[in-house]
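Here's the structure, in structure tokens; my notes come after.
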Amino acid sequence: MNISPVEELFTLFNETALILQDELACSYLEALAETGENLFQGAILQEELSELTVKRLKKQYSELKLDQFSNEDLRKAFQLVILKGMKENVQPNHQMTPDSIGMLFGYLVEKFIKKPAFRLLDPAVGTGNLLTTVLNHSNKQISAVGVEIDDILIKLAYVNANLQGHPIQFFNQDSLESLFIEPVDSVIADLPIGYYPNDIRAADYELKSDKGHSYSHHLFIEQSVRHTNPGGYLFFLVPNGLFESEQAAALHEYIKEHVYIQGLLQLPTSIFKNKNSAKSILILQKNGEGIQPPKQALLVNLPSLSNAYEMDKMLTKMEKWFQENKG
């Protein structure tokens, strides 16, 4: 029976992570970051391992050559082992952007950004899955930056990027604190939804709440706009009720003043656990000299992504919009 490249890689990542988890008495995700680093460096970096464990790992590592695999195979396999680790150690903020959504982001970034080279920021980079999906689906020269507060997630993102050969600059910090990065031409983000606990820091934002905690996803939008060059594009995965919450009025005003809405793509509810968790992709362009709003925003209600015929029809409609508004 033929085993796919993704299955081969999954087996290697999983089995070696389990060996390291056992020997180092750490979590599966920590062990996964360790084995990924070993594979990238071509050496076993953990000095406290027994001789037998080192031999076992060397044997398994020697059975596969990473340069024989495509970036997408590496990304998908690494994503699957991360998902396995997250299921074992569930934390509400550890959620990965589904592949189909990542590919849509990649398509949109390619269509909107005409520059052959540009800077791209993901301020909620997590394990790097969304960012590397976009990089893998682009032929352009992209200088990428990722910011993530969670220590384990950013280590996995760093290993993920190294295995795929992407030179991404990572910052391990709260994205809503001061970011010491050069302005970027584009932002992508699967926005963290919820309340931001640091009211003192939130007070520096226009989108702070007048009473109680501010919405972190609103603050992420404002922080992203701050760090984007005039005319730059921002692509956000947002909850469908984004403009219906009790803090929505302030968001409306902020958007009217600082950005143009280029589009809103409502994703099929079938890819989410339930209707309440359904999301859309919001596309914004930062205001600037000579920047005009589109004649008409790209408003799309996407069909099931597995329905090839309906998706093809929708992509044709979107292509027509690009020709009329971005030609």
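Model, not experiment: these values are computed from the prediction.
Of all non-hydrogen atoms in Glu148 and Val125, the two that sit nearest each other are CB-CG1, 3.6 Å.
A salt bridge (charged side-chain N to carboxylate O under 4.0 Å, His left out) with Asp185 is found for one member of Lys286, Lys114, Lys115 and no other, namely Lys115. Paired with Val6 under the rule side chain to side chain contact (heavy atoms under 4.5 Å, CB included), one option of Asp73, Leu74, Thr11 passes, and it is Asp73.
There is a side-chain donor-acceptor pair under 3.5 Å between Gln285 and Tyr233. A donor-acceptor contact closer than 3.5 angstrom is absent between the side chains of Glu319 and Thr316. With no hydrogens or angles considered, a side-chain donor-acceptor pair links Asn136 and His166 at under 3.5 Å. The closest side-chain donor-acceptor pair between Ser138 and Glu110 falls under 3.5 angstrom. For the residue pair Thr16/Thr35, the side-chain donor-acceptor check at 3.5 Å is satisfied. Under 3.5 Å, the side chains of Ser186 and Arg119 contain no donor-acceptor pair of N or O atoms. Remark: the Asn38 side chain and the Glu34 side chain contain no N/O donor-acceptor pair separated by less than 3.5 Å.
Under the 3.5 Å distance criterion, the side-chain polar atoms of Asn14 are left unmatched by any main-chain donor or acceptor of Phe10. For the pair Asp150 (side chain) and Gly126 (backbone), a donor-acceptor distance under 3.5 Å is absent. With hydrogens and angles disregarded, a donor-acceptor distance shorter than 3.5 Å links the side chain of Asn240 to the backbone of Ser280. Remark: the backbone N or O of Phe220 is paired with a side-chain donor or acceptor of Ser224 at under 3.5 angstrom. Side-chain atoms of Asn301 never come within 3.5 Å of backbone atoms of Leu265 as a donor-acceptor pair (strictly under, hydrogens ignored). One N or O on the side chain of Trp321 and one on the backbone of Gln296 form a donor-acceptor pair closer than 3.5 Å. Remark: side-chain polar atoms of Ser216 are paired, donor with acceptor, to backbone N or O of Gly194 under 3.5 angstrom. In terms of modelled atom types and a separation under 3.5 Å, the side chain of Glu7 and the main chain of Ser4 share a donor-acceptor contact. Proximity of a side-chain donor or acceptor of Glu23 to a complementary backbone N or O of Ser50 within less than 3.5 Å is detected. Panel note: side chain Asn229, backbone Gly232; no donor-acceptor pair is recorded below 3.5 Å.
A single hydrophobic cluster is seen to contain both Ile255 and Val225, as judged by linkage of ILVMFWY side chains at heavy-atom distances under 4.5 Å, directly or through other members.
Around NZ of Lys140, the count of heavy atoms belonging to other residues, nucleotides or ligands within 6.0 Å exceeds 12. Summarising the local packing, CD of Gln41 is surrounded by more than 12 heavy atoms from other residues, nucleotides or ligands at distances under 6.0 Å. Atom CZ of Arg56 sits in a sparse spot, with 12 or fewer heavy atoms from other residues, nucleotides or ligands closer than 6.0 Å. In the displayed structure, Gln141 atom CD is contacted under 6.0 Å by at most 12 heavy atoms of other residues, nucleotides or ligands. In this structure, Asn274 places its CG atom where more than 12 heavy-atom neighbours from other residues, nucleotides or ligands lie under 6.0 Å away. Atom CD of Glu51 sits in a sparse spot, with 12 or fewer heavy atoms from other residues, nucleotides or ligands closer than 6.0 Å.
Counting only residues at least two apart or in different chains, side-chain hydrogen bond (donor to acceptor under 3.5 Å, both in side chains) contacts with residues 168-182 comprise Asp174-Tyr196.
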Determine, stepwise, if the pair Asn129 / Arg75 fulfils side-chain hydrogen bond (donor to acceptor under 3.5 Å, both in side chains). CA-CA 7 Å; Asn129 191 52; Arg75 182 191 64 76; 2.8 Å; yes
Ring pair (Phe, Tyr, Trp, His ring centres under 6.0 Å) evaluation trace for Phe243 with His252: CA-CA 7 Å; Phe243 295 110; His252 272 289; 5.1 Å; yes
### Task
Please assess Glu222 against His258 for the test side-chain hydrogen bond (donor to acceptor under 3.5 Å, both in side chains), listing each intermediate value before the final yes or no.
CA-CA 9 Å; Glu222 183 175 339; His258 297 280; over 6 Å; no
side-chain contact (heavy atoms from CB on, under 4.5 Å) evaluation trace for Leu108 with Ile281:
CA-CA 10 Å; Leu108 293 167; Ile281 300 174; 3.9 Å; yes
Report task. Start with the C-alpha distance between Tyr260 and Asn287, add both sets of side-chain angles, then the distance that settles side-chain contact (heavy atoms from CB on, under 4.5 Å), and finish with yes or no. Result -> CA-CA 7 Å; Tyr260 294 123; Asn287 292 354; 3.5 Å; yes
Practice item. Please lay out, stage by stage, how Lys320 and Glu324 fare under the test side-chain contact (heavy atoms from CB on, under 4.5 Å). Key: CA-CA 6 Å; Lys320 189 168 180 247; Glu324 289 171 0; 3.5 Å; yes
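Contact of the Leu39 side chain with the Leu12 side chain is registered, since non-hydrogen atoms from C-beta on lie closer than 4.5 Å. Proximity of His217 to Tyr195: side-chain heavy atoms (C-beta onward) are nowhere separated by under 4.5 Å. Using a 4.5 Å heavy-atom cutoff, the side chains of Asp122 and Val145 are not in contact. Between Ile188 and Val134, some side-chain heavy-atom pair lies under the 4.5 Å cut-off. Put simply, the side chain of Tyr215 does not reach to within 4.5 Å of the side chain of Leu207, judged on heavy atoms. In this structure, the side chains of Phe40 and Val159 stay at 4.5 Å or more apart for every pair of heavy atoms.
Residues meeting the ring-ring contact (aromatic ring centres under 6.0 Å, His included) test with Phe235, sequence neighbours left out: Phe112.
In this structure, the separation between CZ on Phe236 and CD1 on Ile283 is 11.5 Å, given to the nearest 0.5 Å. The NZ atom of Lys275 lies 8.0 Å from the OG1 atom of Thr269; values are rounded to the nearest 0.5 Å.
In this structure, Arg226 satisfies the cation-pi test against Tyr205, with its NZ or CZ atom closer than 6.0 Å to the six-membered ring centre and inside 45 degrees of the ring normal.
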